[in-house]
Structure formats: C-alpha cells, structure tokens
Amino acid sequence: MNTDVTSYIENSEENNREILTKLRELIFAKVPNVNEQFKWSRPVYATDKDFCYLKTAKKNVTFGFFEFDKIKTNAHLIEGTGKSMRHIKIKNPTEIQEFEIDKMIDEVLK
C-alpha cells in the first residue's frame, strides 16, 4: 500500500475516511496484482493501465473509472462528461454494496 494514499485517507473529511478505506480494501481484495499510485493529487489504481481513482470531497467520495463505458451494472449512477473518465459519488459506506461497486470493478477490468 502506498504511504501517500494512506496519508490522503487519514487527512480526508472524517465522514469520508470509512468510505475511502472500504473502497481501498475492496480494490485490493478484487484485484490481487493492483498497483496503488498517488498521482494527480489522488489515489489511482492500475494493473497494466489505470482503471479507477478515488477523490474525496466535502460531502462524498468520488469513485472514478477509466473506460467507464465497459460498466453495465448500475451504469445510470455514472456521472460526468469526460471522454475517457467518469465517476459515481458515494455518500455513505452502505452505498458501496448497494451500488455493487465490486461488479463495476470486475466490468471495468474486462
């Protein structure tokens, strides 16, 4: 685990620390060969190439996807207008399971 990412999580808004920690743990559990990096002032996760990132805001955590168009599970939750990156907003830890983030990760890695 990247120490810069650990610091990022520890210094985030109190209400987002649990969400960030759970997402980080989920990514490491789902993707055993994941490379955790800190770039663009945020945690970025990659295998052969970047596939997702985390970003903390005041009232939510943004969970972003590269190649978001591969995602079919709860695709209606995906926001943004980027050509290659879009995101979902997570406001509480229960939404990680409710939004089926694990399935979204599987799909973006296909």
Side-chain angles (χ1 to χ4, degrees):
M1 291 192 176
N2 185 302
T3 57
D4 290 331
V5 173
T6 300
S7 294
Y8 180 84
I9 292 170
E10 290 171 353
N11 293 314
S12 68
E13 297 287 331
E14 184 177 342
N15 56 314
N16 289 337
R17 283 186 211 132
E18 183 180 1
I19 297 168
L20 289 164
T21 300
K22 287 183 180 269
L23 287 170
R24 186 186 202 191
E25 290 170 352
L26 177 62
I27 292 165
F28 272 92
K30 295 288 298 171
V31 190
N33 60 336
V34 71
N35 180 15
E36 182 179 60
Q37 308 161 70
F38 193 77
K39 57 185 185 180
W40 308 305
S41 302
R42 68 195 67 171
V44 177
Y45 298 87
T47 51
D48 295 333
K49 56 186 173 180
D50 298 341
F51 67 88
C52 73
Y53 65 88
L54 304 175
K55 183 179 177 198
T56 187
K58 222 171 207 183
K59 296 183 179 182
N60 63 65
V61 170
T62 299
F63 188 49
F65 298 98
F66 300 86
E67 298 185 28
F68 66 90
D69 53 335
K70 292 181 177 180
I71 297 172
K72 305 301 178 219
T73 301
N74 289 319
H76 66 282
L77 298 173
I78 298 172
E79 300 179 32
T81 58
K83 287 185 180 183
S84 62
M85 296 188 319
R86 297 207 185 160
H87 62 274
I88 60 172
K89 291 180 181 169
I90 301 172
K91 295 178 182 163
N92 66 65
T94 59
E95 290 178 336
I96 296 169
Q97 186 172 6
E98 181 183 324
F99 294 167
E100 299 180 281
I101 301 298
D102 58 334
K103 289 181 184 176
M104 294 172 110
I105 292 170
D106 286 341
E107 291 170 354
V108 81
L109 289 171
K110 287 184 182 178

Is there a donor-acceptor pair closer than 3.5 Å between any side-chain N or O of Lys70 and the backbone N or O of Lys110?
-> yes

Quick check: does any side chain N or O of Glu107 sit under 3.5 Å from a backbone N or O of Thr73, one acting as donor and the other as acceptor?
-> yes

What is the minimum heavy-atom distance between Asn16 and Ala57, and which atoms define it?
-> ND2-O, 2.6 Å

Around Lys39, counting heavy atoms of other residues, nucleotides and ligands shown, do more than 12 lie under 6.0 Å from its NZ?
-> yes

Does some side-chain heavy atom of Glu100 sit less than 4.5 Å from a side-chain heavy atom of Asp102?
-> yes

Could you grab the distance from atom OG1 of Thr62 to atom CG of Leu54, nearest 0.5 Å is fine?
-> 9.5 Å

Exercise: identify the closest heavy-atom pair between Phe68 and Gly82 = CE2-O, 3.7 Å

Closest approach of Thr56 to Tyr8 (non-hydrogen atoms, all atoms of both residues) | N-OH, 2.8 Å

Check whether any side-chain heavy atom of Ile88 sits under 4.5 Å from a side-chain heavy atom of Met104, and report yes or no.
-> yes

Mind checking whether Asp50 and Gln37 have side chains closer than 4.5 Å, heavy atoms only?
-> yes

Looking only at heavy atoms, the pair that brings Lys91 and Lys59 closest together is CG-O, 3.9 Å

Atom CD1 in Ile78, atom CZ in Phe65: separation rounded to 0.5 Å?
-> 6.5 Å

Kindly work out whether a path of hydrophobic side-chain contacts (I/L/V/M/F/W/Y, heavy atoms less than 4.5 Å apart) joins Phe99 to Ile105.
-> yes

Cluster check Leu77, Phe66: I/L/V/M/F/W/Y, side chain < 4.5 angstrom | no

For Gln97, does the CD atom have more than 12 heavy-atom neighbours from other residues, nucleotides or ligands under 6.0 Å away?
-> no

Using a 3.5 Å cut-off and no angle test, enumerate the donor-acceptor pairs between side-chain atoms of residues 20-35 and protein atoms at least two apart in sequence or in another chain.
unit_1	atom_1	unit_2	atom_2	d
Thr21	OG1	Arg17	O	2.9
Arg24	NE	Glu36	OE2	2.7
Arg24	NH1	Thr6	OG1	3.2
Arg24	NH2	Asn2	O	3.2
Arg24	NH2	Thr6	OG1	3.1
Arg24	NH2	Glu36	OE1	2.9
Lys30	NZ	Asp106	OD1	3.1
Lys30	NZ	Asp106	OD2	3.0

Flag yes if Ile101 and Met85 sit in one hydrophobic cluster, no otherwise; membership is Ile, Leu, Val, Met, Phe, Trp, Tyr, and two members link when side-chain heavy atoms are under 4.5 Å apart.
-> no

Give the minimum heavy-atom separation between Ile19 and Ile96, together with the two atoms involved.
-> O-CD1, 3.9 Å

Side chains of His87 and Tyr53: closer than 4.5 Å at any heavy-atom pair?
-> yes

